[in-house]
**Student:** 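Before we start, here is the structure in question, set down as structure tokens.
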Amino acid sequence: MNATVGVLRRELLIFLGAPVAWVLAVVYLATLMTGFFVVGFPVGDLRLPGFWSGGYAALDALFAWIPLSLCLFVPALTMSSWAGERRLGTDELLFTHPVSIVSLVVGKFLAHWAIVVGLLGAAIVPAAIAVRSLGALDLGVVGAGFFGAVLLAASFVCVGQLASCLVADELAAFLVASLLLFALVGLGLFVRVLPPAIVEVAWYASPVVHYVETAVRGVIDVRDLVYFGTLFAAALTLEVLWLEGRRWR
């Protein structure tokens with residue numbers, strides 16, 4: 001546990017001490033706020049107006065943007081997780097310390113997850129306060145949507161870290177993670193253009209279905225917990241196994 005906390009603290013300090021990370025965070029928040037208040041969500045079958053033009057007290061457009069926005073933000077956040085360590089040569093140093101691979105993986109995951117959850121809270125809470133001041137906002141639905149976003153962020157961070165440990169270059173890690181996440185999200189957004197034989201499988205495999213179709217509507221479904229838990233566990237397990245193999249080469 002102490003080792004995991006130490007890795008967590010190290011990763012958070014690296015993020016907080018990097019000016020580029022702060023710029024990335026500000027750009028991410030500004031993008032979400034612009035999408036919610038001004039642009040709306042014009043993608044796929046789920047088309048929602050911006051808050052100012054729609055004029056109804058709900059955060060649906062903000063929640064709808066979260067999966068797509070995380071497809072870019074999470075890879076940018078996690079691309080240096082292992083690829084950066086390898087570039088600097090600090091991964092070999094970490095492997096020589098009396099710290100288990102599990103502690104390293106979990107510590108990095110918790111740090112990145114905490115950063116994403118913090119930024120999601122920084123977007124959702126002010127938006128909810130602004131909307132509630134103008135209309136009757138259902139806080140139960142907002143709470144369920146935020147909970148779903150937290151689960152979504154956890155699974156995306158795991159995929160981002162897995163991509164970072166599989167490739168040696170940070171840019172490649174960003175591209176691989178982004179493509180994987182966009183592919184998963186796209187399964188739900190564009191399911192109607194897929195062959196009928198795989199529609200049902202693609203529908204269940206997409207995180208959009210387990211988030212926008214349930215949590216954003218105020219419903220916490222056990223099947224969603226199973227889906228995100230499976231994606232989370234599979235990505236972290238593959239990351240641990242891959243790094244264990246590298247450690248003993």
Side-chain angles (χ1 to χ4, degrees), residues 3-4 6-31 66-97 99-120 152-187 205-207 231-249:
T4 301
V7 175
L8 166 64
R9 186 183 300 115
R10 171 181 179 266
E11 295 297 319
L12 288 177
L13 289 175
I14 290 174
F15 177 84
L16 295 174
V20 174
W22 286 97
V23 172
L24 179 65
V26 171
V27 169
Y28 178 70
L29 290 176
T31 301
I66 286 175
L68 282 176
S69 64
L70 289 181
C71 287
L72 290 174
F73 177 72
V74 168
L77 177 66
T78 60
M79 65 182 184
S80 298
S81 180
W82 290 109
E85 300 275 12
R86 191 179 306 181
R87 176 176 57 82
L88 296 173
T90 52
D91 60 333
E92 298 294 339
L93 183 61
L94 284 175
F95 291 158
T96 61
H97 286 181
V99 179
S100 69
I101 293 295
V102 172
S103 293
L104 290 172
V105 169
V106 172
K108 285 177 175 289
F109 161 74
L110 290 176
H112 293 137
W113 189 27
I115 291 167
V116 178
V117 171
L119 289 175
L120 289 175
L152 187 74
S155 59
F156 278 26
V157 166
C158 291
V159 172
Q161 283 194 190
L162 176 62
S164 184
C165 82
L166 292 177
V167 299
D169 180 75
E170 290 159 285
L171 179 58
F174 172 80
L175 293 175
V176 170
S178 295
L179 289 173
L180 285 173
L181 294 177
F182 272 119
L184 285 172
V185 169
L187 288 174
S206 173
L231 183 58
F232 165 87
L236 278 189
T237 300
L238 287 173
E239 184 180 351
V240 169
L241 292 176
W242 182 269
L243 292 172
E244 285 284 5
R246 285 195 57 229
R247 186 175 195 171
W248 298 112
R249 283 176 189 172

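The model shown is predicted, which means the values in this text are computed figures rather than measured ones.
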**Student:** Hey, what do you get for CG (L12) to CZ (F15), rounding to the nearest 0.5 Å?
**Tutor:** 9.0 Å
**Student:** Measure across S178 and L72 and return the closest heavy-atom pair with its distance rounded to 0.1 Å.
**Tutor:** OG-CD2, 4.3 Å
**Student:** Looking at T237 and A233, what are the two nearest heavy atoms and their distance?
**Tutor:** OG1-O, 2.7 Å
**Student:** Report yes if the side chains of V27 and F73 come closer than 4.5 Å at any heavy-atom pair, otherwise no.
**Tutor:** no
**Student:** So do the side chains of L181 and L70 get within less than 4.5 Å of each other, counting heavy atoms only?
**Tutor:** no
**Student:** So which atom in G160 and which in A177 form the shortest heavy-atom distance, rounded to 0.1 Å?
**Tutor:** CA-CB, 4.0 Å
**Student:** Specify the closest pair of heavy atoms between L24 and L77, including all atoms of both residues, with the distance to one decimal.
**Tutor:** CD2-N, 4.4 Å
**Student:** Once side-chain hydrogen bond (donor to acceptor under 3.5 Å, both in side chains) is applied, do any residues pair with T31, and if so which ones, sequence neighbours excluded?
**Tutor:** none
**Student:** Which residue pairs pass the salt bridge (Lys or Arg N to Asp or Glu O under 4.0 Å) test when at least one of the two sits in residues 14-30, sequence neighbours left out?
**Tutor:** none
**Student:** Checking R86 side chain against C165 main chain: does a donor-acceptor pair fall under 3.5 Å?
**Tutor:** yes
**Student:** How about W82 and V167: do any of their side-chain heavy atoms sit closer than 4.5 Å?
**Tutor:** no
**Student:** Could you check if a side-chain atom of T78 sits within less than 4.5 angstrom of a side-chain atom of F156, using non-hydrogen atoms only?
**Tutor:** no
**Student:** Less than 4.5 Å apart, side chain to side chain, heavy atoms only: is that true for L231 and C158?
**Tutor:** no
**Student:** Mind checking what makes side-chain hydrogen bond (donor to acceptor under 3.5 Å, both in side chains) contact with S80, not counting sequence neighbours?
**Tutor:** E170
**Student:** Among all residues two or more places apart in sequence or in another chain, which pass the side-chain contact (heavy atoms from CB on, under 4.5 Å) test with A18?
**Tutor:** A21
**Student:** Just wondering, do F232 and V157 contact through their side chains at under 4.5 Å, heavy atoms?
**Tutor:** no
**Student:** Using the side-chain hydrogen bond (donor to acceptor under 3.5 Å, both in side chains) rule, collect all pairs that involve residues 21-30, keeping only residues at least two apart or in two chains.
**Tutor:** Y28-S69
**Student:** Taking the side chain as everything from C-beta on, heavy atoms only, tell me whether V7 gets closer than 4.5 Å to R10.
**Tutor:** no
**Student:** E239 pairs by side chain to side chain contact (heavy atoms under 4.5 Å, CB included) with which of L162, I101, L166, V102?
**Tutor:** L162
**Student:** For residues 106-120, which side-chain N or O atoms pair as donor and acceptor with protein atoms under 3.5 Å away, sequence neighbours left out?
**Tutor:**
from : atom 1 : to   : atom 2 : distance (Å)
K108 : NZ     : E11  : OE2    : 2.8
K108 : NZ     : S81  : O      : 2.9
K108 : NZ     : E85  : OE2    : 3.0
H112 : ND1    : K108 : O      : 3.1
H112 : ND1    : Q161 : OE1    : 3.0
W113 : NE1    : V150 : O      : 3.0

